[in-house]
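Notes follow once the structure below has been shown.
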Number of protein chains: 2
Amino acid sequence: MTFTLPKPVLESTVLNDSSVDYAPLKQEVKVTFNYDVHFTRDLFNPNNPLLAKVLLATREGVKKAIAFVDSGLPQASEILEKIQAYSDCHPQALNLKAGSTLIAGGEAAKNNPQLVEDLQKLISDAELCRHSYVIAVGGGAMLDLVGYAAATAHRGIRLIRVPTTVLGQCDSGVGVKNGINAFGKKNFLGTFAPPTLVLNDANFLTTLDDRNWRSGIAEAVKVALIKDAGFFDFIVNRTEALVNRDLDAMQQIVYRCAKLHLDHIAGGDPFEMGSSRPLDFGHWAAHRIEYLSNYRLYHGEAVAIGICLDSTYSYLSSLITKGEWQEILSLFKALGFSLYERELSSFVHQPENPRSLFKGLTEFQEHLGGELTLMLLTTIGKGLEVHQVNLDKYRLAILMLQEADL
Amino acid sequence: MTFTLPKPVLESTVLNDSSVDYAPLKQEVKVTFNYDVHFTRDLFNPNNPLLAKVLLATREGVKKAIAFVDSGLPQASEILEKIQAYSDCHPQALNLKAGSTLIAGGEAAKNNPQLVEDLQKLISDAELCRHSYVIAVGGGAMLDLVGYAAATAHRGIRLIRVPTTVLGQCDSGVGVKNGINAFGKKNFLGTFAPPTLVLNDANFLTTLDDRNWRSGIAEAVKVALIKDAGFFDFIVNRTEALVNRDLDAMQQIVYRCAKLHLDHIAGGDPFEMGSSRPLDFGHWAAHRIEYLSNYRLYHGEAVAIGICLDSTYSYLSSLITKGEWQEILSLFKALGFSLYERELSSFVHQPENPRSLFKGLTEFQEHLGGELTLMLLTTIGKGLEVHQVNLDKYRLAILMLQEADL
């Protein structure tokens, strides 16, 4: 190995040979996290033994806990009261502390750093120890926010996630991340912190409006496209049922998607130390148009468009056939998604413009680190990582989506 | 398993049997962290190839980095300039970004949450990616503060720690924790986040004043007492050299202590998911008197007293012999430590008083979670965990220390 000879900017010193005696100490730290994802209905009904049972199974006595409920949920206050009643009915398992409260959800909540501090203070005031629990009931953004506060209080209080959206139950809520936005960057602050428990209550899904019901399906299609052709067909066969808000069909999809997601995390690079994030298929553009739309687009809606974009790019790169490409676009259309929104065309001929879509590529690279790594498709059910893209081909793909959406 | 029959606080519902079909998904996430601890002198001398060599060894191209230097260091500005000069001399290894700056150190810095946000913003403005580096040069408090900011930016930017104190080089700086104080609680906010690299530069130790030089030795004695009788004798045999500020003697002690510390972390419970923290021998009282003294006492000085207290308690519990007890106290005395400070007697007859020493026991339990777990000694070189203590015996131990210190 050669080094540029340094200019004598500092007085040259003869290095003390005594340092040679001290060989570097090589450290390897292995950490294992275990958590279960349960599926139930009416979780906080005192007659539902699930929560009490899993808490008692840890055999450490009554669990102190504080509950935070997404204020954006229909009947949020009633949910909080139900959790209190559940605690009262199962005193040998759960001791809900004062301070349990409603917390703002939605993307706006992730833009407000004061909320993190408020949550940390509530945890401190409740005198929770590191073996206590934070129970977070809400949508993806609220779980990200509460997860960040819980992960940093006492260097990590145990977190029980109760995701209330499709997206939360099959994707973000079962994963190992949390975060808030800062300095204009999505998820700039956060940690990798596996939850202690995830409790998916299907009843929450019935309270979603149509946009939110649909939105979460995008992540299921995504994981099917890059990992499991059989699951893709499974979704295609349930398109009508999903459009008609069939809860059983949705539960099946949530379950299979959550399993694929969990397997991917366990088998991959859970704390994302490398430059690759295969599960983020379609996400570079999705994050970008979500931001450019000032969050008019929901995350899942943006993901659907991002997937269609990268699928079209895969087709233009002769990686997938025209038939596969059409099958993908048809599914999203049949599910009720837009395939194009105007933000997709934002300054695509001026990649350096601060509002260019293509700034999403640099942001994606910056967040993950290392070289640019995007996922494309080689067929339905199989992804391929690439490290270079052709912007002209992307511009053409955008035009094709605009046409396909008409 | 039985449950208290719930009162019908809510309308009883027949649980939908369809939930039975969905067996819980069991997730196991394994994460491995590797980092090396290097020992050198004059690290940022451009002729010292160490830093450039370890950065080049990762084979990912030039490393973007931002450097933060503890403003409390003698010649802090010169150190920052030296790092810039080092970067200029090794452009194929290191690209130091604008924004590198001096950062407040000392315990006061850990009480100022604004500093965390300032650091996160500097990292954001420097457009660092997750594979970039934060180089932190300073004392334990400053490394804790910068480490917290680095661990939360982009969910964890790579951290190079350059500890400048004995304590940092042999103990906190080689560990996996960071944190700041909040809501009146020490290290209430923080994460477990192993560094990417630790570079121990012995030359920094020559710049310490006598109190700081001495203070860090307390952690070396601690780890010797609970893990390695041979190391205890090793320190005893170098007492005079240490008092006379012999750098070679100190380097030997730092190296052995760092090794014991690293082995303990790797072999134990690195992210402290259980209730036990054997390395925190003597620390329940140490943290407490450090706080009660309003940080007049340095951490190591408080640790020395905490160790003497728990050693005396071990002797009063017939766990160690009178000879062993005296040997421990004699070593601390010979090294120049106080064995007693007035905070040790703070409201010991009113354990419920907010300023009672014994509140340290509940705080220790709350921070770690689960049942109270303290370490005592069964002989020099071997610890024993206990879950109950006798306050009267502690009161006697305090009187004995007060007398021994005269």
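Every heavy atom of this structure was used, including side-chain atoms; hydrogens, water molecules and symmetry mates were not. Every chain is numbered from 1, with letters handed out A, B, ... down the list of sequences.
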Heavy atoms from other residues, nucleotides or ligands near NZ of Lys121(A) exceed 12 (cutoff 6.0 Å):
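At most 12 heavy atoms, drawn from other residues, nucleotides or ligands, come within 6.0 Å of this atom.
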Nearest-0.5 Å distance that lies between atom OG1 in Thr191(B) and atom CZ in Phe192(A):
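Those atoms lie 12.0 Å apart.
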Tyr148(A) side, atom OH; Thr152(B) side, atom OG1 - distance, nearest 0.5 Å
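One finds 4.0 Å between OH of Tyr148(A) and OG1 of Thr152(B).
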Under-4.0 Å salt bridge between Arg130(A) and Glu272(B):
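Yes, Arg130(A) and Glu272(B) are salt-bridged.
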Does any backbone or side-chain atom of [X] lie under 4.5 Å from a heavy atom of chain A? Answer side chain, backbone, both or neither.
X	answer
Glu81(B)	neither
Asp269(B)	neither
Leu128(B)	backbone
Ala258(B)	both
Ser124(B)	both

Using a 4.5 angstrom heavy-atom cutoff, name the option from Pro194(B), Gly267(B), Ala266(B) with the most pairs to chain A.
Ala266(B)
May I ask you to name which of Gly190(B), Pro24(B), Ser132(B), Ala193(B) has the most heavy-atom pairs under 4.5 Å with chain A?
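Heavy-atom pairs under 4.5 Å are most numerous for Gly190(B).
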Check: Ala23(A) main-chain N/O paired with Tyr255(B) side-chain donor or acceptor under 3.5 Å:
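Judged by distance alone, yes, a pair lies under 3.5 Å.
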By ring-ring contact (aromatic ring centres under 6.0 Å, His included), which residues pair with His131(B), not counting sequence neighbours?
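For His131(B) there are no ring-ring contact (aromatic ring centres under 6.0 Å, His included) partners, ignoring immediate neighbours.
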Report yes if some heavy atom in the side chain of [X] is under 4.5 Å from a heavy atom in the side chain of [Y]; otherwise report no.
X	Y	value
Asp36(B)	Lys26(A)	yes
Gln252(A)	Tyr22(B)	yes
Glu117(A)	Pro113(B)	no
Met273(A)	Val31(B)	yes

Top contributor to chain B contacts, counting heavy-atom pairs under 4.5 Å, from [options]:
options	answer
His38(A), Lys177(A), Lys185(A)	Lys177(A)
Ala182(A), Gly184(A), Gly274(A)	Gly274(A)
Lys259(A), Glu127(A), Gln365(A)	Glu127(A)

Aromatic plane relationship, Phe188(A) with His154(B) - under 30° parallel, 30 to 60° tilted, over 60° perpendicular:
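It falls in the perpendicular class, over 60°.
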Kindly write out the residues that satisfy side chain to side chain contact (heavy atoms under 4.5 Å, CB included) with Thr32(B), not counting sequence neighbours, or none if the list is empty.
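Per chain and number, Thr32(B) pairs via side chain to side chain contact (heavy atoms under 4.5 Å, CB included) with Glu28(A), Lys30(A), Asn34(B).
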Looking at every non-hydrogen atom in both residues, tell me the closest pair between Ala153(A) and Leu189(B) and how far apart they are.
CA-CD2, 4.1 Å
Examine whether an atom of Ala151(A) lies under 4.5 Å from a heavy atom of chain B, and if so say whether it belongs to the side chain, the backbone or both; otherwise answer neither.
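For Ala151(A), the backbone is the part near chain B, not the side chain.
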Given a strict heavy-atom distance threshold of 4.5 Å, which part of Asn178(A) is in contact with chain B: side chain, backbone, both, or neither?
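Just its backbone gets close to chain B.
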The single option from Val198(B), Val174(B), Leu262(B) that satisfies side-chain contact (heavy atoms from CB on, under 4.5 Å) with Gln27(A) is Leu262(B)
